[in-house]
Amino acid sequence: MSSDIVLPGQPIPIPRGPIPQVGSGVYSRDGTVRASLIGVPSYAGSTLEIKRTRPRPPAPNSVVLGSVTRLSPLQAVVSINVVDGVPLPAGEEFTSVIRVQDVRATEKDKVKIADCFRGGDVVRGLVLSLGDARSYYVTTARNDLGVIFATSEAGATMEPVSWQEMRCPKTGKIEKRKCAKPEGM
């Protein structure tokens, strides 16, 4: 059995032999075993199942994904949608703040929030602390943290060209962002 993640409705490859009993997260239709949950199929005895992963609230050192909802000169407010790779149910997002001193590790005094983030940007961050009563404190002060998805003024998905710039493929215009280093590079 491979450790590939399957999506709901996707056929699950079964090794040769009898069709296993279907457990939770799995169903059989027209002789094909399919996933009903997102996850990795596994065997519990002769039963094939996909365990439901429960989302948990962010904790210090959790890697989170979220979208920028509001900007001020001193901070960016981010709505957290994913915690440690597990998506949160709709309507159960957490609020976080990226303070100007938490954007990058060097030259903290030269950081301008408007040159690092824009509304709607998707950001990968690391939870520093639980913050105040309303929000978590998040940092992007590592190379692998920062903006991972942004839309240009022309409406196109932007491509990173350096750690602080993204380019619109439609217009060629460069916009400033605090970019995350792409995975695998």
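Computed from heavy atoms alone, side chains included, the values below leave out hydrogens, waters and symmetry copies.
- When all heavy atoms of Ala59 and Val127 are compared, the closest pair comes out as O-CB, 3.4 Å.
- Here Trp163 contributes atom CH2 and Arg177 contributes atom CZ; the two are 14.5 Å apart, rounded to the nearest 0.5 Å.
- Linking ILVMFWY side-chain heavy atoms closer than 4.5 Å, directly or via other members, places Val68 and Leu88 in a single hydrophobic cluster.
- Residues passing the salt bridge (Lys or Arg N to Asp or Glu O under 4.0 Å) test with Arg99 are Asp102, sequence neighbours excluded.
- Criterion: ILVMFWY side-chain heavy atoms under 4.5 Å apart, direct or through other members. Under it, Val82 and Val147 are not part of a common hydrophobic cluster.
- The salt bridge (Lys or Arg N to Asp or Glu O under 4.0 Å) check on Lys110 picks up Glu107, with sequence neighbours excluded.
- Its side chain within the 4.5 Å cluster rule, Ile174 clusters with Val161 among the Ile, Leu, Val, Met, Phe, Trp and Tyr residues.
- In this structure, Ile12 CD1 and Glu49 CD are separated by 11.0 Å, a value rounded to the nearest 0.5 Å.
- Checking side-chain atoms of Thr151 against main-chain N and O of Gly155 turns up no donor-acceptor pair under 3.5 Å.
- Scanning both residues, Val138 and Ser96, for their nearest heavy atoms gives CG2-CB, 3.5 Å.
- Considering only residues two or more places apart in sequence or on other chains, Phe117 meets the ring-ring contact (aromatic ring centres under 6.0 Å, His included) condition with none of them.
- Closest approach of Pro58 and Val64 over heavy atoms only: CB-CG1, 4.4 Å.
- When hydrophobic clusters are built by joining Ile, Leu, Val, Met, Phe, Trp and Tyr residues whose side-chain heavy atoms come closer than 4.5 Å, directly or via intermediates, Tyr27 is not grouped with Ile14.
- Side-chain atoms of Phe94 and Pro57, non-hydrogen and from C-beta on, do get closer than 4.5 Å to each other.
- Cluster annotation: Val122 is not connected to Val103 through the hydrophobic network of ILVMFWY side chains, with a link wherever side-chain heavy atoms come within less than 4.5 Å.
- To the nearest 0.5 Å, atoms CG (Leu74) and NZ (Lys112) are separated by 13.5 Å.
- Membership of the apolar cluster around Leu128 extends to Val97, Tyr137, as traced through chained side-chain contacts below 4.5 Å between ILVMFWY residues.
- Annotation for Leu145: hydrophobic cluster partners, listed by chain and number, are Val63, Leu126 (ILVMFWY side-chain heavy atoms under 4.5 Å, direct or chained).
- Between Asp115 and Lys178 there is no salt bridge, since none of the side-chain N atoms of the basic residue sits less than 4.0 Å from a carboxylate O of the acidic one.
- Side-chain atoms of Thr69 come within 3.5 Å of backbone atoms of Val77 as a donor-acceptor pair (strictly under, hydrogens ignored).
- Listed by first then second residue, pairs satisfying salt bridge (charged side-chain N to carboxylate O under 4.0 Å, His left out) with a partner in residues 28-41 number zero, not counting sequence neighbours.
- A single hydrophobic cluster is not seen to contain both Phe149 and Met158; linkage of ILVMFWY side chains at heavy-atom distances under 4.5 Å, directly or through other members, places them apart.
- The two residues Gly119 and Leu71 come nearest to each other via the heavy atoms N-CD1, 4.0 Å.
- How far CZ of Arg104 is from CD1 of Ile98: 13.5 Å, rounded to the nearest 0.5 Å.
- Within a 6.0 Å sphere centred on CG of Asn143, heavy atoms belonging to other residues, nucleotides or ligands number 12 at most.
- At least one donor-acceptor pair closer than 3.5 Å links the side chain of Ser36 to the backbone N or O of Gly25.
- Partners of Lys170 under the side chain to side chain donor-acceptor pair (under 3.5 Å) rule, at least two apart in sequence or in another chain, do not exist in this structure.
- Remark: Arg118 pairs with Glu175 by the salt bridge (Lys or Arg N to Asp or Glu O under 4.0 Å) rule, at least two apart or across chains.
- Screening residues 36-48 for salt bridge (charged side-chain N to carboxylate O under 4.0 Å, His left out), with sequence neighbours left out, gives no hits.
- Between Ile50 and Gly39 the shortest heavy-atom distance is CG2-CA, 3.7 Å.
- Within the model, atoms CD1 of Ile80 and OG of Ser67 stand 10.5 Å from one another, a figure rounded to the nearest 0.5 Å.
- Residues that satisfy the salt bridge (Lys or Arg N to Asp or Glu O under 4.0 Å) test with Lys173, not counting sequence neighbours, are Glu153.
- Atom NZ of residue Lys176 and atom OG of residue Ser162 lie 9.0 Å apart, to the nearest 0.5 angstrom.
- Counting only distance, with no hydrogens or angles, the side chain of Ser62 and the backbone of Val83 share no donor-acceptor pair below 3.5 Å.
- Listed by chain and residue number, nothing satisfies the side chain to side chain donor-acceptor pair (under 3.5 Å) test with Asp109 (two or more places apart in sequence, or in another chain).
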